[in-house]
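Below is one structure; the comments refer to it alone.
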Amino acid sequence: MKFDNILETVGEFGPSQRRLYILLSLPAVYNAVIGMVIFVFLFAVPEHRCAIPGMKNDTFQIQSEAHADLINRTMPLDNDNGDLPRSSCFIYSTSENASSRDMNTVTEPCHKWTYDKSVYQSTVAQTMDLVCDRKLYVSHAKMMAMVGQLVGVLIGGPMSDMFGRRRVILACVFVSVLLSICLTWITDYYLLITVVLVISASNNVQYLSCFVFSMECVGPSKRMLVGVAMNLFWSAGNIIVALMVFLMRDWKTRQLAISVPGILFAYLYFLPDSPRWQYSRGKTAEANKTVMKLAKGNKVRLTQDMLYDVTCTLDNHQEQFWELLKSPVMLKRILIILYTWLAIGMGFFGLSMNVTNLSGNVYLNFLLFVLVEACAYVICLLLMDRIGRKKMLCTAMLMAGIACALSFVPFFVTETPNKWIINILACLGNTCVSAGFAAVYVFTAELLPTTSRNFGMGISSLFCRIGSISSPYINDLTMHITSRYSQILPMLIFGGVSFIAGLLVLLLPETLNVKLPETIKDAEKIGTNVTDDAIPSPAQELLRLDRECGSRTSENA
């Protein structure tokens with residue numbers, strides 16, 4: 001008997017599963033808070049300029065006419081950047097070898113800066129002076145956070161399968177909370193980015209383990225709802241981030257404030273482990289005990305006799321993932337899926353981090369982004385089972401591409417474009433990519449056969465992280481290109497990649513109301529005129545497993 005059949009008896013999403021699901025989803029709020037602060041605000045670069053040599057009370061804001069005159073005589077004009085007329089990296093030479101005639105023509109790099117504190121009281125970039133010749137260090141730091149997510153994808157599945165969902169979740173929460181608190185006192189750049197990598201990896205492993213754990217404890221008819229709804233907890237965390245960064249402008253104070261509450265997740269120690277995992281590891285007695293507790297919480301009477309044959313499985317030949325590549329149909333679908341995941345990873349994280357490059361109030365911009373992201377997840381919940389996975393994903397990616405590309409129009413029409421139009425288009429693009437992120441999880445799982453589904457999802461997540469790793473460098477093109485189009489260049493790149501993904505999705509079949517494929521042959525039939533009768537129904541599969549168990553019992557006897 002399959003575990004899904006037990007869930008149908010116990011209740012697919014009864015009170016016990018709902019309580020467990022909420023307790024497993026709450027860490028996603030913490031994940032979002034820690035992750036988005038690192039991705040968006042921790043390494044933000046405030047407006048800055050060279051400090052006036054010898055002036056101890058120099059500030060970024062002009063104090064008086066004498067102060068402004070001193071700045072003009074100390075710093076050259078920046079001809080490439082009209083928004084900041086004075087250079088942020090060079091001062092007129094003060095060398096003893098420079099003649100008085102050359103004092104206002106010869107420049108040299110400065111080694112001390114003053115920062116605008118009207119938006120950020122302090123950031124890591126300001127504390128460590130990651131500007132001018134060290135400005136790439138900001139991109140490297142953000143990239144290390146993305147590499148951490150990539151590491152989490154690679155090690156999360158094996159660790160969770162080997163040690164159990166609950167143990168891995170507890171270990172990752174402990175590491176994340178401890179290092180997030182310690183991050184406040186780190187002053188070395190290389191140690192800091194190493195800690196950021198470990199925090200990001202721990203958060204990713206913990207989130208994936210909670211996601212899998214919650215999916216394993218609900219029935220088949222509720223998994224789409226449960227899988228998409230967990231994104232709403234992530235959005236709740238993002239809203240908390242918007243409030244925290246607005247109220248706490250100093251990065252060290254904020255880091256402590258968001259890290260210490262993670263201690264409350266010690267309650268995870270008292271949760272049971274996933275019964276599905278326990279059965280798979282031969283821990284039948286423990287699994288039966290967990291299932292009985294779930295049944296009791298759902299007010300369902302369940303006896304030990306009803307659980308005796310849950311672990312009876314078939315020893316049929318298991319198809320390997322690489323066998324998919326031998327099928328031209330599946331190879332084409334896999335390549336499209338992988339590119340779509342890469343585009344979504346690049347656009348989702350890229351547009352979120354690009355909020356600091358947009359004009360206007362950065363905190364208001366971020367709040368708008370997270371609110372529309374939450375709306376995207378609600379739209380997916382309402383529409384995915386009505387219009388289908390393919391139409392949802394295709395529409396989301398095409399609209400994301402169009403919204404980002406339209407940011408060029410204001411620059412083409414007028415010399416002084418309305419920057420709020422660009423911000424609104426960026427929010428719309430982020431909304432559509434977020435909807436695509438929610439849809440692609442379900443769509444990918446339904447396109448791949450059971451024999452290769454877990455591995456296929458892992459490879460897809462890997463490509464998503466590859467896309468996200470490239471996003472900081474695309475965003476930071478604004479620091480290296482000073483033309484009037486530099487602000488929208490990242491959006492044009494994200495939009496082009498997303499639009500191509502939307503067109504490619506048109507080549508994939510629809511999976512709405514299609515039975516999950518068990519084998520490669522079953523998967524190939526999706527979208528064709530071949531009947532789905534070859535795909536066994538749950539009742540047929542249960543009958544087949546029971547017959548197999550019966551034959552084994554008679555042979556052993």
Side-chain angles (χ1 to χ4, degrees), residues 2-4 7 17 20-32 34-35 147-179 197-218 220 223 226-231 233-234 262 265-284 286-287 289-291 294 310-311 313 318 320-321 341 441-442 444-445 448 450-465:
K2 287 187 175 182
F3 186 72
D4 283 347
L7 288 177
Q17 286 107 317
L20 183 61
Y21 175 69
I22 292 174
L23 294 175
L24 290 172
S25 298
L26 287 176
V29 178
Y30 179 78
N31 253 340
I34 296 295
V147 171
Q149 289 200 336
L150 177 62
V151 172
V153 167
L154 295 176
I155 68 174
M159 286 178 58
S160 182
D161 289 340
M162 184 179 301
F163 301 107
R165 311 334 186 189
R166 174 176 159 276
R167 290 181 182 177
V168 169
I169 293 170
L170 279 171
C172 289
V173 168
F174 174 78
V175 171
S176 178
V177 173
L178 178 63
L179 293 183
L197 184 149
V198 177
I199 291 174
S200 184
S202 300
N203 283 348
N204 191 265
V205 172
Q206 177 259 308
Y207 181 85
L208 290 176
S209 298
C210 286
F211 181 85
V212 171
F213 191 168
S214 61
M215 294 285 282
E216 287 178 341
C217 292
V218 301
R223 284 179 192 149
V226 167
V228 176
M230 187 171 282
N231 291 308
F233 286 87
W234 174 275
F265 293 113
Y267 71 76
L268 293 168
Y269 176 81
F270 301 99
L271 296 184
D273 212 327
S274 166
R276 190 184 296 265
W277 175 82
Q278 290 172 330
Y279 279 127
S280 69
R281 304 297 291 185
K283 302 177 182 291
T284 306
E286 297 176 14
K289 184 178 178 181
T290 303
V291 172
L294 291 177
V310 173
T311 57
T313 58
Q318 295 295 310
Q320 303 300 324
F321 178 77
W341 276 86
Y441 266 99
V442 178
T444 302
L448 295 174
T450 300
T451 52
S452 306
R453 187 170 294 121
N454 288 340
F455 193 81
M457 292 295 292
I459 294 295
S460 299
S461 296
L462 177 64
F463 272 74
C464 177
R465 303 312 167 189

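These numbers come from the heavy atoms of this one structure, side chains and all, not from hydrogens, waters or symmetry mates.
Among all heavy-atom pairs drawn from Gly152 and Leu208, the shortest one is O-CD1, 4.4 Å. Taking both residues in full, the closest heavy atoms of Asp273 and Arg165 are given as OD1-N, 3.3 Å, listed atom of the first, atom of the second, then distance. Of all heavy-atom pairs between Val173 and Gly262, the closest is CG1-O, 4.3 Å. Residues Phe213 and Pro272 share a closest heavy-atom pair of CZ-O, 3.1 Å. Closest heavy-atom contact between Ser160 and Trp277: O-NE1, 3.6 Å.
Taken from OG in Ser25 to CG in Asn31, the straight-line distance is 11.5 Å, to the nearest 0.5 Å. Rounding to the nearest 0.5 angstrom, the gap separating the CG atom in Leu150 from the CG atom in Asn204 is 9.0 Å. Rounding to the nearest 0.5 Å places OG1 of Thr284 at 14.5 Å from NZ of Lys289. One distance of note links CG of Leu154 with CE of Met159; it measures 12.5 Å at 0.5 Å rounding.
Every side chain to side chain contact (heavy atoms under 4.5 Å, CB included) that Leu170 has, sequence neighbours left out, goes to Arg166, Leu268, Tyr269. In this structure Ser460 satisfies the side chain to side chain donor-acceptor pair (under 3.5 Å) test with no other residue, sequence neighbours excluded. With sequence neighbours left out, the side chain to side chain donor-acceptor pair (under 3.5 Å) criterion links Ser461 to no other residue. By the side chain to side chain contact (heavy atoms under 4.5 Å, CB included) test, Cys172 is found to be paired with Val168, Ser202, Val205, Gln206, residues two or more places apart in sequence or in another chain being considered. Every residue was checked against the ring pair (Phe, Tyr, Trp, His ring centres under 6.0 Å) condition with Tyr207, not counting sequence neighbours, and none meets it. Considering only residues two or more places apart in sequence or on other chains, Thr290 meets the side chain to side chain donor-acceptor pair (under 3.5 Å) condition with Gln278. Val226 meets the side chain to side chain contact (heavy atoms under 4.5 Å, CB included) test with Phe13, Tyr21, Ser214, Met215, Val218; sequence neighbours excluded. In this view, Tyr441 and Trp341, Phe437, Met457 satisfy the side chain to side chain contact (heavy atoms under 4.5 Å, CB included) rule, not counting sequence neighbours.
Within the 4.5 Å cutoff, the side chain of Val177 has heavy atoms near those of the Tyr30 side chain. Side chains of Leu24 and Ile169 form a contact here, defined as non-hydrogen atoms less than 4.5 Å apart.
Surrounding CZ of Phe270 are at most 12 heavy atoms belonging to other residues, nucleotides or ligands under 6.0 Å away.
Looking only at distances, no side-chain donor or acceptor of Asn203 sits under 3.5 Å from a matching main-chain atom of Ser200.
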For Phe265 and Leu26: C-alpha separation, side-chain torsions, deciding distance, then whether side-chain contact (heavy atoms from CB on, under 4.5 Å) applies. CA-CA 9 Å; Phe265 293 113; Leu26 287 176; 4.0 Å; yes
